Amino acid sequence: MRSPEARAREVADRLAAATGTEARTLATPEAIRVEVYVPDEIPEPLHTALVDALRRADRYGHARTADAAVAWAEITRTGRGDVPGEEHDHPPQPQEGTP
């Protein structure tokens, strides 16, 4: 089983590659949160890569303000999410055209 830190690095790298923006991480005793700004326009191949990166986390989401859009992913430190067949707390699939 990979460590939560290794999983968070992989998610951060994939999010950065998909969006062309720098990923930020925040570590707490319970989880590691990765955030990345999402450009207004994102080509389909990169949109697919963005969704794939988010699905590698235990929880993920997308927030939009008047100024920016941010995608976030959390990796729990309890070992959840890296066990084959284990249940995940993923929200419903994003609709086409939204991260």
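Quantities reported herein were computed from a predicted structural model and do not represent experimental measurements.
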| request: Start with the C-alpha gap between L15 and T21, add the side-chain angles, then the distance that decides, and say whether side chain to side chain contact (heavy atoms under 4.5 Å, CB included) holds. | output: CA-CA 8 Å; L15 287 173; T21 63; over 6 Å; no
| With clusters built from Ile, Leu, Val, Met, Phe, Trp and Tyr whose side-chain heavy atoms come within less than 4.5 Å, directly or transitively, what are the remaining members of the cluster of Y37, listed by chain and number? | V70
| said: Contact between T19 and L46 at the side-chain level, heavy atoms closer than 4.5 Å - yes or no? | reply: no
| field | Hydrophobic cluster membership, W72 vs V38, 4.5 Å side-chain cutoff | value | no
| Can you name the closest pair of heavy atoms from L54 and A73 and give their distance? | CD2-CB, 4.1 Å
Set of residues satisfying side-chain hydrogen bond (donor to acceptor under 3.5 Å, both in side chains) with respect to [X], sequence neighbours excluded:
X: T48; result: E44
X: E22; result: none
X: D52; result: R14, R56

| query | Can I75 and V11 be said to form a side chain to side chain contact (heavy atoms under 4.5 Å, CB included), step by step? | reply | CA-CA 9 Å; I75 290 49; V11 169; 4.1 Å; yes
| side chain to side chain contact (heavy atoms under 4.5 Å, CB included) between R59 and T76: does it pass, once the steps are laid out? | CA-CA 8 Å; R59 288 177 302 282; T76 60; 3.1 Å; yes
Contacts table for residues 23-33: side-chain donor-acceptor under 3.5 angstrom, sequence neighbours left out:
| residue | atom | partner | partner atom | Å |
| --- | --- | --- | --- | --- |
| T28 | OG1 | E30 | N | 3.3 |
| T28 | OG1 | A31 | N | 3.1 |
| T28 | OG1 | A31 | O | 3.1 |
| R33 | NE | E35 | OE2 | 2.9 |
| R33 | NH1 | E74 | OE2 | 3.1 |

| request: Rounded to the nearest 0.5 Å, what's the gap from CZ on R77 to OG on S3? Could you check? | output: 9.0 Å
